[in-house]
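Before any comments, here is the structure.
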Amino acid sequence: MIKKFDKKDEEAGSGSNPFQHLEKSAVLQEARIFNETPINPRRCLHILTKIIYLLNQGEHFGTTEATEAFFAMTRLFQSNDQTLRRMCYLTIKEMANISEDVIIVTSSLTKDMTGKEDVYRGPAIRALCRITDTTMLQAIERYMKQAIVDKVPSVSSSALVSSLHMVKMSYDVVKRWVNEAQEAASSDNIMVQVGMVLVWLFICPPSCFSFIYPCLYHVMFPMHLQYHALGLLYHLRKNDRLAVTKMLNKFTKSGLKSPFAYCMLIRIASKLLEETEGGHDSPLFDFIESCLRNKHEMVVYEAASAIVHMPNCTARELAPAVSVLQLFCSSPKAALRYAAVRTLNKVAMKHPSAVTACNLDLENLITDSNRSIATLAITTLLKTGSESSVDRLMKQISSFVSEISDEFKVVVVQAISALCQKYPRKHSVMMNFLSNMLRDDGGFEYKRAIVDCIISIIEENPESKETGLAHLCEFIEDCEHTVLATKILHLLGKEGPRTPSPSKYIRFIFNRVVLESEAVRAAAVSALAKFGAQNDDLLPSVLVLMQRCMMDSDDEVRDRATFYMNVLQQKQKALNAAYIFNGLSVSVPGLEKSLHQYTLEPSEKPFDMKTVPLATAPITEQKTEIAPVATSKLPEKPAPSRQDIYQEQLAGIPEFQSLGPLFKSSEPVQLTEAETEYVVRCIKHTFATHMVFQFDCTNTLNDQLLQRVLVQMEPSEAYEVVHHVPAPSLPYNQPGSSYTLVRLPDDDPTAVSCTFSCTMKYLVRDCDPNTGEPDDDGYDDEYVLEDLEVTVADHIQKVLKPNFGAAWEEVGDEFEKEETFALASVRTLEEAVNNIVSFLGMQPCERSDKVPENKNSHVLFLAGMNLPDIYFILKGSE
Amino acid sequence: MGLFDKLAGWLGLKKKEVNVLCLGLDNSGKTTIINQLKPTNSCLGEKNWCHLLQAQAQDIVPTIGFSIEKFKTSSLSFTVFDMSGQGRYRNLWEHYYKEGQAIIFVIDSSDKLRMVVAKEELDTLLNHPDIKHRRIPILFFANKMDLRDALSSVKVSQLLCLENIKDKPWHICASNAVQGEGLQEGVDWLQGTD
């Protein structure tokens, strides 16, 4: 009967994985046989395996069904089958958090952990500690103490490790077991000693550490344990920089046995160096450098990689690290070659000259039998190589691009996109290569990397626009990724109408309407509308196509088609600009919140779009040059912007509720030096008639507690300070915020800029640095901050106009104002553009902030919005 | 199951297996009774621990959840689910009602104050859908009879209104679990009903 059952199961699996098509409900149904007597261990084992498999696949179990299965499982404790019992322990651990009343097995587990079967005891302890909470811990405390001093090493180490886990939960109870831990240590069992030291580290007050260090050093010879102990020590004290420094000094002087521990030390040291911004003459740096001469390759690599990744490293400091990596490049071990070339690849952009020294070795790696190493070598060469070698390298890489995995293809694409920025003239080679890659098979991440790369080439380089768009058009003809298709359609809508022959894109777009899913069809309709709006000769045919789209089976597609149809038929430039080119420029979470608010408080008035906070311009412009594709890995979901978060925070303060919607929040301005007693930075929030200054203060003195902290502001102009909201208390190292409300002058609208002199006033109470216990009485004190400036930019919000030309036309001539300014202090065109943008705080459109080289004149398009809802559009030329 | 098992059953080599639930309020002596019934040789490996157990029954800690124990008599093999009697775990009893083929209900006969609580729990048990319509034998131990102010088994059965149980065989006997007195009588009765 058992046989038959198994056979049936295998058939159902019908493949390499017998658990492939498991149904949760079917498995739970099967779990009912746990209730049968006598128990059939083999069958039950199989079902438990299925349950654990499902749990690990991320299948969601409801509380009721999980509890039911769990209770059925508890009956299996009747069986004395060893395998089954241990499977039960596993199930308990897996279900500890999803089932109710898991404590039901407590007594069964304590029985097993004190029983005579050593095989049960260790696992039972670990399972028990998973189901135990603070209140229950008292009940099993006695057993735990016994287990820690047990003679069987596996039991004792299970108990020690479990107690380590429980330290997080109930420190006070575990602390009482220190005597047992000590007793365990006095036995000569090495495993126990080590575990004991680990428990000790958690339990002892920091004052005992000086005693434990030598203990650690002499007792813990086993290599990995030294590593674990070091890791633990570090985690215990990572918030205390001084302690970490001390620890590092101790270990770097005395040396360690374990290479793992050395690697850990190097990491800690480099992190500390980075935090303290310590100079490279510090002993920590010397230590890392000395590790380059360690006998373990692992340690040498770690040290080299730490040095190479350090910010602001000089060429002289880099040289030994790079030469070590260079040595690794010719190592017979593939892992070492891989590690070395990967590290070189990463830093190739930062220190090209240092990496160039390895070029010869990298060239040898191009033909490496390991394709991953070869890929990394080629991409590194691409990053550092000269323009002339690009063609050769591209040919080389295309010979085996189909043999490497997607992940490395992405690396190749990243290298290409970096290369395009460096050598714009090579775009035709790149574009060809990319389009070939686009045609090959590949996953979503890979395709997205290519598409992003092509798009960035198009944006950087107008000459490549036509070919790039053609490649993309071809790609969407056979594209299974909705996200990419919609993205490309949007791009086509934006760029297509302005190409010399827009009509050829229409066919590709309309094919989408016929062939694709709803989301893509809707995007295609929007793209079509943009063609119709911008090209008068195409308008009639676009209208015909729109007519067809109005018959679509999907609501969204029909709605869009109907809407665009009506707008297009009006044939008005202003309408086109407002509704087709430049859509809503509000923040989506803000819009959602406002609409929700509106539905909660129904009023006669129609919903006013102007109450919705504007979307702050996306930061894609600041894309770092090194990793243009990496930025696309950010979460897709529209996270609430910084401004939305501030809006929420300010709305929580009663004094500021009547101010209306937040117009703009500035970037934080530092009002103190970085290393002073108190660190203060200010964020300027602009409202319709007021400004709120948010002072984020941090107290860096651990023997002081500041209370009632407020910032006194003396304006130079007609600004009026209305109200202060002090920060109630400012303990050591916990930032707090104080607010000051200022009314803008009504009578003089031109008085936009103003300087405030700021003084921080507060009550000081001295306190004990260790306990944080403050004295009873304090004294008033003040601290002079740097002056704070309010500038034009604080009153202007950036608005992104995707189609600047249309928006400019829409405004019309009568509002146009022309003035000429002489910018005397700037020397280059680029500097002038940057200065203007940052002074006015407006959004550059159409990438006009990028100044091409060797030009004498440049037109800058800026868009922005002023407080009383006036849109500014500025067109500046030089 | 298999042929061999059946053969063993016919020859009387294999004992019939019975699942028994051991219920009752906390501190009534359930775990002590079960430990007494367990053969002592089952804990040879931990002699000291076992010795300790028998010497001082008060050393037994409250059961949390349940534990499963097995013991054999001349004709039956018992698997006992020793359930926790503490108030907050009593609602977990019902998970195990289905497979119980007999119930041992332990009462602390010196605890007059909580006799009503025991009666209430008993009534809930008897009215549970998994128990109500089955003719399962219930054995009552009026435990701790050695204590001076302990009630007699007759008095206990009156207080619990045991005479109202008409559709199930039941039996009450006084016991002293620490010394093991009266337990064999109860188990013999349980064997006879089956």
Side-chain angles (χ1 to χ4, degrees), chain A residues 1-3 32-43 64 67-80 85 88 92 99-118 121 124 128 131-133 135-143 146 150, chain B residues 1-3 5 8-9 14-22 30-31 34-35 38 41-50 52-53 59-71 77-86 88-101 130:
Chain A
M1 188 166 160
I2 299 167
K3 276 246 170 71
R32 298 216 175 139
I33 68 149
F34 295 166
N35 297 333
E36 283 170 14
T37 38
I39 285 168
N40 178 342
R42 244 186 103 179
R43 244 178 111 175
T64 330
T67 311
E68 198 177 312
F70 187 83
F71 274 87
M73 185 275 300
T74 61
R75 286 168 181 90
L76 301 181
F77 272 92
Q78 311 176 40
S79 167
N80 276 328
R85 181 69 62 88
C88 286
I92 291 170
S99 164
E100 280 180 341
D101 295 320
V102 282
I103 45 92
I104 189 84
V105 287
T106 304
S107 270
S108 306
L109 290 173
T110 45
K111 202 178 120 202
D112 282 350
M113 77 183 257
T114 54
K116 61 181 172 168
E117 286 276 12
D118 285 342
R121 295 175 64 197
L128 183 62
I131 60 164
T132 302
D133 57 21
T135 51
M136 299 295 301
L137 193 55
Q138 312 264 4
I140 62 160
E141 187 177 358
R142 190 177 99 178
Y143 300 113
Q146 276 172 1
D150 201 279
Chain B
M1 270 273 163
L3 183 68
D5 284 353
K14 191 167 161 83
K15 290 169 181 166
K16 197 179 168 211
E17 287 195 29
V18 188
N19 278 345
V20 182
L21 297 180
C22 187
K30 294 176 296 301
T31 309
I34 303 301
N35 278 335
K38 254 192 330 190
N41 65 358
S42 78
C43 39
L44 260 183
E46 28 171 357
K47 222 177 219 162
N48 295 337
W49 174 238
C50 208
L52 202 79
L53 241 179
D59 202 43
I60 285 182
V61 291
T63 308
I64 302 163
F66 77 106
S67 71
I68 295 178
E69 304 290 351
K70 290 186 175 178
F71 64 90
S77 156
F78 286 95
T79 303
V80 186
F81 286 76
D82 177 17
M83 303 299 299
S84 168
Q86 290 178 35
R88 56 185 172 146
Y89 303 130
R90 276 179 221 151
N91 58 337
L92 302 178
W93 291 355
E94 61 181 20
H95 288 280
Y96 299 89
Y97 285 167
K98 265 211 187 84
E99 71 261 28
Q101 289 154 300
D130 287 346

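When reading the values below, keep in mind they use all heavy atoms of this one structure, side chains included, and skip hydrogens, waters and symmetry mates.
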Original post:
Would a distance-only check, ignoring hydrogens and angles, find a side-chain to backbone donor-acceptor pair under 3.5 Å from A/S107 to B/F66?
Top reply: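 Absent.
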Subject >> A/K111 side-chain N/O to B/E69 backbone N/O, donor-acceptor pair under 3.5 Å >> reply: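 Between the backbone of B/E69 and the side chain of A/K111 there is no qualifying donor-acceptor contact (under 3.5 Å).
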**OP:** For residues B/H95 and A/T74, determine if any side-chain heavy atom of one lies less than 4.5 Å from a side-chain heavy atom of the other.
**Re:**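 B/H95 vs A/T74: side chains apart.
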Original post:
Considering only heavy atoms, which portion of B/T79 lies under 4.5 Å from any heavy atom of chain A: side chain, backbone, both, or neither?
Top reply: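 For B/T79, side-chain heavy atoms alone lie under 4.5 Å from chain A.
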**OP:** Sort B/N19 into side chain, backbone, both or neither according to what part of it lies under 4.5 angstrom from a heavy atom of chain A.
**Re:**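 The side chain, not the backbone.
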Inter-residue atom distance [X].[atom1] - [Y].[atom2], 0.5 Å rounding:
X	Y	atom1	atom2	result
A/N80	B/K70	CG	NZ	5.0 Å
B/Y96	A/N35	OH	CG	9.5 Å
B/E17	A/Q78	CD	CD	8.0 Å
B/F81	A/R75	CZ	CZ	6.5 Å
A/F34	B/E99	CZ	CD	13.0 Å

Original post:
Looking at A/T106, A/I104, A/I103, which has the largest count of heavy-atom pairs under 4.5 Å with chain B?
Top reply: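 The candidate making the most pairs under 4.5 Å is A/I104.
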Subject >> Top of B/T63, B/I64, B/T31 for chain A proximity - count of heavy-atom pairs under 4.5 angstrom >> reply: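 Counting heavy-atom pairs under 4.5 Å, the top option is B/I64.
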**OP:** Against chain B, label A/T110 side chain, backbone, both or neither, depending on which of its atoms sit under 4.5 Å from a heavy atom there.
**Re:**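 Answer is neither: A/T110 stays 4.5 Å or more from chain B.
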